[in-house]
Amino acid sequence: MSRLLFWLALIFLIGFAIRSKIREAQKRQQPFNQPPPAGPAAGAARQNTSAEVETMLQCAHCGVFYPASETVQARGRDYCSAAHAAMPSA
Ligand SMILES: [Zn+2]
């Protein structure tokens, strides 16, 4: 009888482990609360929807990545600072 209980417990534990693994994998597929709304402008909307993750841009002069809110635009390119925007591009 105790053997049967042992096997039942083992099966329950294995089932629980598999279920938690599946849940973990599903969480990895949807890292945020809501997936970005799909539509004709899905690509553009993806950059604006989440306030937690800000879009990062690369400076055309030094190549450093910085938040899009701090961008300095000059000659149609993005720069990390006014100093780099003033410099002649290579
Ligand atoms: Zn720069």
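None of the values given here were measured: they were computed from a predicted structure.
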Distance-only check: which donor-acceptor pairs under 3.5 Å involve side-chain atoms of residues 10-20, not counting sequence neighbours?
from  : atom 1 : to    : atom 2 : distance (Å)
Ser20 : OG     : Phe16 : O      : 3.4
Ser20 : OG     : Ala17 : O      : 2.8

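In this structure, the side-chain contact (heavy atoms from CB on, under 4.5 Å) partners of Ala74, at least two apart in sequence or on a different chain, are Tyr79, Ala85. Under the rule for a side-chain contact (heavy atoms from CB on, under 4.5 Å), the partners of Gln73 that lie at least two apart in sequence or sit in another chain are Thr71, Asp78. In this view, Ala68 and Thr55, Leu57 satisfy the side-chain contact (heavy atoms from CB on, under 4.5 Å) rule, not counting sequence neighbours.
The two residues Gly63 and Gln58 make their nearest non-hydrogen contact at O-NE2, 3.0 Å. Closest heavy-atom contact between Met87 and His61: SD-NE2, 3.2 Å. Residue Cys80 comes nearest to Val64 through the heavy atom pair CB-CG1, 3.8 Å, listed as atom of the first residue, atom of the second, then distance.
Met56 CE to Glu70 CD: the interatomic distance, rounded to the nearest 0.5 Å, is 8.5 Å.
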